[in-house]
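Since the structure is predicted, the reported quantities are computational estimates derived from the model, not experimental observations.
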Amino acid sequence: MSVLEIPEPSLVVLVGISGSGKSTFAAEHFGAYEVISSDHCRGLVSDDPNSKEATGDAFEVLEFIATKRMRAGKLTVVDATSVQPAARRKLIDLARSQDVLPVAIVLNLPEQVCAERNAARGDRAFDRSVLRRQHQQLSRSMRGLAREGFRTVHVLDGVEDVASARIVRQPLRSDRRDLHGPFDVIGDIHGCLGELETLLGALGYTVRRDEQGRPVDALPPEGRTAVFVGDYVDRGPDSPGVLRLVMGMAAAGHALALPGNHENKLVKALRGQKVSATHGLDRTLEQLASESEEFRRAVADFCDGLVAHLVLDDGRLVVAHAGLKEEYHNRASGRVRSFALYGETTGETDEFGLPVRYPWAEDYRGDATVLYGHTPVPDVRWLNNTACLDTGCVFGGALTAMRYPEREVVSVPADREWYPPAKPLHVPEPDPQALDIEDILRVGGVDTALRGRITIRPENAAGALEVMSRWAVAPQWLHYLPPTMAPCATSSRPGLLEHPAEAFAEYRKAGVSEVICEEKHMGSRAIVMVCRDASVAAARFGVADGLSGMVHTRTGRRMFDEEQTERLVTLIAEAVGVAGLWEELGTDWMLLDAELLPWSAKSEGLLRSQYAAVGAAARADLAGRRSVLEASVERGLDVGDLLERVNSRAADVARYTDAYRRYVWPTDGLDGVRVAPFQVLATEGAGHSDRDHGWHLAIADRLVAAAPTLFTTTRRIVVDTGSPESEAAGIAWWDELTGAGGEGMVVKPLANGAQAGARRVQPGIKVRGREYLRLIYGPHYTEKENLERLRGRNLGHKQSMALREYALGMEAVDRLVRADPLWRIHQAVFAVLALESEAVDPRL
């Protein structure tokens, strides 16, 4: 029996003359979708699998399908004769383009056997001379298949060999998805043996020594495994000692080791190849000169045998010395190995004479966490689910490990600067975070837990990017945008457009038994991110502006200048501390949804240009009309109806003016500004949509008690939608609020996330007061003909937007809590703003 080992994924090329049984072999050993037959592709393009005229088009189709399968990481089998070197070269190049290994399986059967099989087939007439030519081409190629570029060549000689063959699929050496850790991933060591021993001790490992006292192994805490990212040698004081310890741990199964670019160069030097002994290699060779020849051979064999990257924990973790782009994960090619060892450069050099490396991590969008080293950084920071662990120990920095999956960083300082760096460790790097429209466009939308995939139109996404890139706060502060809110169904009550009864009826119909009615503040929607101090903001969110928080609008714009922002978030942080919430919620930061009062604090320009101007113009116009009409009455003209209409309209304008004046009071900077929080969106490790609205408002009340001159309460009442008496109490409360000049109320399912957004249950329904709606629909909207027209308003699109934006907002919060890469949070944030570009009546 012939056992044929096939790496997976790979491109398997079946090589054999017509009649050698390639299709039968493929059907027996591979899945129906894994095999791409040239005959089948001829049939696809010409309806005739034997059409030689269709061969060119057929192979274009074959190569296209093969490319798509290999790109998806699928084992792919090509069933064609492939006896000509040129045909095989195309397939080898195709495999290399997708970074998979090309494998040849040769079915080497006698020409006579193949001729008899062809003669027995009734679907084609086959020229024996063609068969003879194919056999000659195959015979000439047999010995050179490996030189052509096939990583593995299996030759099956004769019918019995083919019949007894068995395929065994082997994972790539990089594929260790079966290992689940937990792991301790250790950055570049560069000969710093003392610091390595100290770090292992800090991680809980017990170092074992040989009879000479040299460390040769380290016993890990139960269940844990060390993973070394490479660069064990050069520059530091004891490269042989580091190698001895790493090799011992790997041999004992206590560690996994990857090569670095310095090991790659060391192997060449130890194998006698000509290399330049720079960047510390001279020190390593000098140190190894005092070791035995046996040890040097062991070092060369060990380093040469290391796989360039590892895929661990069901694909959730990838480790490579210089990092690895997503399309290279669990792939095998020269360029994958080169990227894993050296990274990718732009071809330029910086002011220190060092190559400028391509910032692959800025563009990384993979689900797998990638941990790497290679380029020294002052400290570990997360970027798009990647982290560099080389903190420059040999340059006087620190030796660092990352505990996975805990994501806990453990560092020990260098004993001294062992080697002067070409580039200072603490040179500030430019902020790599950026808003990128492709994060939405490349996937066509955003996947949410509440509503599945939400599609975003490209033109709307472009508009959202324009708004954010021009006016939004720094990306690191932008974690959430609030959803729009739909109004209640139109009321048929005389003189009213909206009434609580419709909101109660909608929730009752949806099976929501308890709702909470919250006072609707007339101010500016404010999203408040508050940290205990600026160090928390820098460590958790990667901000470098020195602020300890941010307050931004519903479109992501900064509420106040930097000085006022810091003053406001500091006051809020102090109130959170006084209320005891930092300890109670186990957090150092808090994301709040709130209203900032008064309306005039941030919208004075809008008030003056839109509302006050309308009121002043209307008063002047109506005063002039009244004067003319009153003079006409004195002259005995019958204009009583006209005068009554003018007086009625003047009364409407007065109500309109009174409506907006209620939301204006003087402020000076932050003096006079009030904050009305109504929901705790997130804290460290927890989103709070699973807590009912009563809990959220109780937290708000504690903030009001802690700082009564800064915070204002949100009044509320709970209503049982199955009780007419309870509903009547809710309606009376709304009448009282709006009668006193209040904007109205928002009705929400009391259970919050347990019901909000589920099925088609609105997370909140606004019920605005009769007088407030004059600001929305104009001073005279209550006139009979206007009211009747407005009752025909269509709420469907607005309701759909509210549900979609709520799902996106909650998705953004979930991703923030999970500490997802910023680009994933921005996917959902972008999408909320993009939906706001949809055509919908802005007055709803």
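The backbone N or O of S276 sits less than 3.5 Å from a side-chain atom of K265, completing a donor-acceptor pair. The closest donor-acceptor contact from the side chain of R244 to the backbone of R214 lies at 3.5 Å or more, if one exists at all. A donor-acceptor pair under 3.5 Å is formed between the side chain of R335 and the backbone N or O of S97.
The distance from the CZ atom of R128 to the CD atom of Q112 is 5.0 Å, given to the nearest 0.5 Å. Annotation: the span from F183 atom CZ to R403 atom CZ amounts to 15.0 Å, rounded to 0.5 Å.
With salt bridges taken as basic N to acidic carboxylate O contacts below 4.0 Å, one links E148 and R88. A salt bridge links R224 to E406: at least one charged side-chain nitrogen sits closer than 4.0 Å to a carboxylate oxygen. Salt-bridge check for D301 with R271: passed, with a basic side-chain N closer than 4.0 Å to an acidic carboxylate O.
Atom CG of D48 has more than 12 neighbouring heavy atoms from other residues, nucleotides or ligands inside a 6.0 Å radius. In Q273, the CD atom is crowded: over 12 heavy atoms of neighbouring residues, nucleotides or ligands sit closer than 6.0 Å.
With hydrogens and angles left out, the side-chain atoms of R283 and S239 include no donor and acceptor closer than 3.5 Å. Under 3.5 Å, the side chains of N264 and Y342 contain a donor-acceptor pair of N or O atoms. With no hydrogens or angles considered, no side-chain donor-acceptor pair links H374 and D231 at under 3.5 Å. A side-chain N or O of Q827 and one of R815 form a donor-acceptor pair less than 3.5 Å apart. Counted by atom type alone, S18 and N118 present one or more donor-acceptor pairs between their side chains at under 3.5 Å.
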Test I92 against F150 for side chain to side chain contact (heavy atoms under 4.5 Å, CB included), laying out the working first. CA-CA 7 Å; I92 292 170; F150 286 104; 3.6 Å; yes
Under the criterion side chain to side chain contact (heavy atoms under 4.5 Å, CB included), I'd like the reasoning laid out for T152 against H154: C-alpha separation, chi angles, the key distance, then a yes or no. CA-CA 7 Å; T152 305; H154 297 292; 3.3 Å; yes
Take L285 and L266, measure what side chain to side chain contact (heavy atoms under 4.5 Å, CB included) needs, and give me the verdict at the end. CA-CA 8 Å; L285 294 176; L266 175 62; 3.9 Å; yes
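Closest approach of P220 to Y205, counting heavy atoms only: CB-CE2, 3.1 Å.
For R296, the salt bridge (charged side-chain N to carboxylate O under 4.0 Å, His left out) partners at least two apart in sequence or on another chain are E293.
The shortest distance between side-chain heavy atoms of T67 and Q98 falls below 4.5 Å. The shortest side-chain heavy-atom distance between K22 and L107 falls under the 4.5 Å cut-off. In this structure, L281 and V275 have side chains that are in contact, with non-hydrogen atoms separated by less than 4.5 Å.
For an aromatic pair to be called close, the ring centres must be under 6.0 Å apart, and Y328 with W360 fails this. In this structure, H262 has its ring center at least 6.0 angstrom away from the ring center of H279.
The cationic group of R407 lies under 6.0 Å from the six-membered ring centre of W382 and within 45° of the ring axis, placing it in a cation-pi geometry.
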